[in-house]
There are 2 protein chains.
Amino acid sequence: MGRVTGDGTVGKALEVLDQVAAFGRPVRFSELLAKSSFPKPTLYRFVQTLTNQQMLAYDPERQTYSPGVRLVRLAHAAWEQSTLAPVARPHIDVLSKAVGETVHLAQLDHAQVLYIDKRNAGQPVEMYSQAGKVGPAYCTGVGKVMLAFLDKETADTVIEQQSFHVFTAHTLDSADVLRAELEDIRQNGYGFDREEHEPGIICVAMPILTDTGRVLGALSVTSTTARTNLAGLEAFVPILKDTAAKITRDAQNWSFPDYSTKETTGI
Amino acid sequence: MGRVTGDGTVGKALEVLDQVAAFGRPVRFSELLAKSSFPKPTLYRFVQTLTNQQMLAYDPERQTYSPGVRLVRLAHAAWEQSTLAPVARPHIDVLSKAVGETVHLAQLDHAQVLYIDKRNAGQPVEMYSQAGKVGPAYCTGVGKVMLAFLDKETADTVIEQQSFHVFTAHTLDSADVLRAELEDIRQNGYGFDREEHEPGIICVAMPILTDTGRVLGALSVTSTTARTNLAGLEAFVPILKDTAAKITRDAQNWSFPDYSTKETTGI
DNA sequence: AAACTAAGTTTCAAATAATGAAACTAGTTT
DNA sequence: AAACTAGTTTCATTATTTGAAACTTAGTTT
């Protein structure tokens, strides 16, 4: 660990913010200190500053810090402006209704899959997976199809960063096995998750590419082995391909209004 | 508008981030410069740093900046840990099914309403599209019920910061009118939005308070004048009160696991 | 109750990073 | 080709950050 930060004070403060978020629960100053490479007073001042700025929230009762609400506000702007979500939304709605299964929209963030939208079709079952959640790239459908269409150099960098942690009996557990799988995906134009991340959970995934072949993101339809199988999911390939094409089209035509009138919005 | 930042370099950088988000669309460096109080090279370096850090995203084609994806990841952690959303989720699900109308969960952030969850009666969960959105406090149901139960000092500060922009013929347009309305709300224990923000849109709102009366957030059921009226919405008061009470209870019992095992999660 | 311990907070001189006027570069328009 | 605009770099000055050490609580042990 202890990666070089660069970007001066601001970079260091953001590193602290990431560390707090990485805990996944409210965390005490001393716990943070134990994991941090910063000396005590330095870390202390960063935490104070971030708390003042509402980037962290302090619970005086438990004496713990967690990521603050200001992030929620900022992220809404990010989601609307810097992700595929607003462009893809209407198409995902249609897709979701047509297939009657859970649909995910994801992008690549560093070496991880970042889920940016989701539709629970049928029953709103189990997991509250939400926009903003991250997952591994090497063992998810969306992750693999995005990796498959990256340029070689980027792909190598990203593959190197995969943990290849074995989640199930089907998890691809090395770069070599993964590379072979990616070659297959390039041939087909789409990919599967064969219970590689969670037992019983399978999906078909389709990359969303620009006209020039650059990876924008990926779509997937998820189901369970109890309800269907890979052949069943493969039936969704045409509609997935169609949806991806529409998102590509709209993403390229996407242009932002050049007036800055405050929205009168209705929630 | 040239408010003092404090918190040194980090505070200034975050001010820049807010400014970018405030545009609500991708923005050029020069546009940002025109609105910013920082000299050109200073602003330039902040924007560079924030872009390096993925807090901003740069579109080289259009030469514009927008809030970056790193925020989406961080906000997920904030949403799960520093808001009422995870505690309220199951209760809102129940409420939403029972009332068959749109349900909102909000908190107060500075002087604004921050929506942290939403259920669209018809469709299943459609997250993040609305979580993170901010709205005015003086002319929304959730805003007013939260203001009504703040301690006097905080309330005064917050009321002072309201714009009292007139959205509709029913918008409360001054601090005095608002204060009278808040008194009413304190009497009743709940409040309405009588088309104050958008024509045709009405809601009942219920505060979520701790045992000691501190404001945690607010719930609302929204509908349209085409479908119902205030009397119709008032029928939801008992179930709203019940839901709020359950959220209060769970929020107080809420305790985080003290192990930090990485989640094996299933998306 | 004194001594010990751990967690959190403050101090302050030294080290470092941020600052911004001015100058420069690369496009665009007159 | 001159004038203008947007974006970028330079560098001496200035201000902020840094962290070892000391201090303050609050909790625990002897």
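Within every chain, numbering begins at 1; the chains are lettered A, B, ... in the order of the sequence lines, protein sequences first and strands thereafter. Values reported hereafter were calculated over all heavy atoms of this structure, with side chains retained and with hydrogens, waters and symmetry mates removed.
- Side-chain N/O atoms of A/Thr42 include none lying less than 4.0 angstrom from OP1 or OP2 on D/dT18.
- Ion pairing between A/Lys152 and A/Asp156 holds under the 4.0 Å rule for side-chain N and carboxylate O.
- Between D/dG7, D/dT18, C/dT11, one nucleotide has an atom nearer to the side chain of A/Lys12 than all others, and that is D/dT18.
- Here the P atom of nucleotide C/dA21 and the CG atom of B/Leu33 are 12 Å apart, to the nearest Å.
- Within the nucleic acid shown, B/Thr9 comes within 4.0 Å of sugar-phosphate atoms alone, with no base atom in reach, counting heavy atoms only.
- Here the CZ atom belonging to A/Arg70 is positioned 4.0 Å from the CG atom belonging to B/Asp18, to the nearest 0.5 angstrom.
- Remark: side-chain polar atoms of A/Tyr138 are paired, donor with acceptor, to backbone N or O of A/His165 under 3.5 angstrom.
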Any chance you could lay out the salt bridge (charged side-chain N to carboxylate O under 4.0 Å, His left out) test for B/Asp250 and B/Lys246, step after step, and finish with the verdict? CA-CA 6 Å; B/Asp250 289 3; B/Lys246 282 175 176 153; over 6 Å; no
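- Atom pair A/Tyr44:OH and D/dT25:P shows a separation of 12 Å (rounding to whole Å applied).
- Residue B/Pro39 is in sugar-phosphate contact alone, with no base atom involved, counting any heavy-atom pair closer than 4.0 Å across all strands shown.
- Counting to the nearest Å, the C1' atom of C/dT10 and the CZ atom of A/Phe29 are 12 Å from each other.
- Atom P of nucleotide D/dT17 and atom CG of B/Asp7 are separated by 9 Å, given to the nearest angstrom.
- Atom pair B/Phe46:CZ and C/dG20:C1' shows a separation of 12 Å (rounding to whole Å applied).
- Residue B/Gln63 contributes atom CD, which lies 17 Å from atom P of D/dT5 at whole-angstrom precision.
- For D/dG7, the base has a donor-acceptor partner in the side chain of B/Lys40 [N/O atoms by modelled type, under 3.5 angstrom].
- Per the geometry, CG belonging to B/Leu32 stands 17 Å off C1' belonging to D/dT5, to the nearest Å.
- A donor and an acceptor atom sit less than 3.5 Å apart, one in the side chain of A/Arg45 and one in the base of D/dG19.
- The shortest heavy-atom contact between A/Val87 and A/Ala251 is CG1-N, 3.7 Å.
- Taking side-chain N and O atoms only, B/Ser30 has a distance below 4.0 Å to OP1 or OP2 of D/dG7.
- Following rounding to the nearest Å, A/Phe38 (CZ) and D/dA20 (C1') show an atom-to-atom distance of 17 Å.
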